[in-house]
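Report on one structure; see the data block that follows.
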Amino acid sequence: MNILSAEEHIDDGDPKVLQLANDADPLAIEVCLADIERIDLHFPKFTDGRAYSQAFLLRRRLGFTGDIRATGDVLIDQLVQMERTGFSSAVLKEGVDASDAQRQFDRFNAFYQGDAVQPAPHFAAGA
């Protein structure tokens, strides 16, 4: 997962970047996904997990291969789950150290069950 600081996250109005509200249906944008390179999914507060479902739908059901970026109230301890549900990048809140975020990935580097990124379960990966 690509971890960005708040300063590195740029929204310059690029037409290939789509900002999807956390109450929007990803299936409604299926027809335009071929023209999109990045989709920003917003977490208005860390307890609102709708963006996880959106990311999973975009990756698994709609086959979106571009960057899915988590923005908003992104907590370090949620980054691993974000990656597993389909996010490829996340914007940390101002003042959060990216090296602290990397430690989460070092702690949890493999999983038994499949996910949005690696659909096959661990025991089937070598088969």
Side-chain angles (χ1 to χ4, degrees):
M1 176 176 271
N2 186 23
I3 307 296
L4 299 141
S5 68
E7 297 80 30
E8 293 173 304
H9 176 65
I10 298 169
D11 179 16
D12 58 3
D14 186 337
K16 294 187 179 281
V17 175
L18 178 66
Q19 295 176 0
L20 193 62
N22 73 334
D23 60 352
D25 183 359
L27 299 175
I29 62 166
E30 183 175 9
V31 296
C32 69
L33 284 180
D35 300 326
I36 303 296
E37 292 177 0
R38 186 179 92 208
I39 299 175
D40 293 351
L41 300 178
H42 188 69
F43 287 86
K45 53 187 173 181
F46 78 91
T47 57
D48 188 335
R50 291 178 283 183
Y52 289 110
S53 299
Q54 290 174 315
F56 192 83
L57 284 170
L58 286 163
R59 284 280 183 241
R60 291 295 300 275
R61 187 175 295 174
L62 300 177
F64 182 69
T65 59
D67 183 19
I68 299 177
R69 183 171 292 180
T71 65
D73 197 11
V74 174
L75 301 182
I76 288 175
D77 62 348
Q78 295 174 315
L79 293 173
V80 173
Q81 187 63 24
M82 286 178 180
E83 183 178 55
R84 296 194 71 216
T85 57
F87 286 94
S88 50
S89 64
V91 180
L92 298 177
K93 292 192 292 189
E94 193 171 322
V96 177
D97 186 359
S99 64
D100 291 337
Q102 185 56 47
R103 278 198 295 273
Q104 288 296 95
F105 293 103
D106 295 341
R107 280 186 200 125
F108 304 103
N109 59 4
F111 299 93
Y112 185 75
Q113 69 277 46
D115 56 36
V117 178
Q118 181 63 40
H122 181 70
F123 65 84

### Query
Would a hydrophobic clustering, with Ile, Leu, Val, Met, Phe, Trp and Tyr connected at side-chain separations under 4.5 Å, put Val80 with Leu75?
no
### Shortest non-hydrogen separation from Ala98 to Leu92 and the atoms involved
CA-CD1, 3.8 Å
#### Entry: Nearest heavy atoms of Pro15 and Ile36, plus distance in Å
O-CD1, 4.0 Å
### Full working for side-chain contact (heavy atoms from CB on, under 4.5 Å) between Leu58 and Ile29
CA-CA 10 Å; Leu58 286 163; Ile29 62 166; 4.2 Å; yes
### Task
Find out if a path of hydrophobic residues (ILVMFWY) with successive side-chain heavy-atom gaps under 4.5 Å connects Ile68 to Met1.
yes
#### Entry: Closest non-hydrogen atom pair between Ala55 and Phe87, with its separation
CB-CE1, 3.6 Å
Mind listing the side-chain donor-acceptor pairs of residues 37-46 below 3.5 Å, one per line with the distance, residues two or more places apart or on another chain?
from: Arg38; atom 1: NE; to: Asp40; atom 2: OD1; distance (Å): 2.8
from: Arg38; atom 1: NH2; to: Ile10; atom 2: O; distance (Å): 3.4
from: Arg38; atom 1: NH2; to: Asp40; atom 2: OD2; distance (Å): 3.1
from: His42; atom 1: ND1; to: Thr71; atom 2: OG1; distance (Å): 3.2

### Task
May I ask you to test the Val74-Val91 pair for a side-chain heavy-atom distance under 4.5 Å?
no
### Message
If I compare all heavy atoms of Gly66 with all of Ser88, which pair ends up nearest, and what's the gap?
### Response
O-OG, 4.1 Å
## Note on the structure
Heavy-atom closest pair (Lys93 atom, Asp73 atom, distance to 0.1 Å) is NZ-OD1, 2.8 Å
### Message
Tell me whether Met82 shares a hydrophobic cluster with Leu62, the cluster being built from Ile, Leu, Val, Met, Phe, Trp, Tyr side chains joined at under 4.5 Å.
### Response
yes
### Partner set under salt bridge (charged side-chain N to carboxylate O under 4.0 Å, His left out) for Asp100, not counting sequence neighbours
Arg103
### Query
Which residue pairs pass the side-chain hydrogen bond (donor to acceptor under 3.5 Å, both in side chains) test when at least one of the two sits in residues 49-58, sequence neighbours left out?
Asp48-Arg50
### Message
Applying a strict under-4.5 Å side-chain criterion to I, L, V, M, F, W and Y, I'd like to know whether Leu33 and Leu20 cluster together.
### Response
yes
### Message
One thing to verify: whether Arg69 and Asp67 come together as a salt bridge, which I'm taking to mean a side-chain N less than 4.0 angstrom from a carboxylate O.
### Response
yes
### Query
Do other residues, nucleotides or ligands put more than 12 heavy atoms under 6.0 Å from Glu94 CD?
no
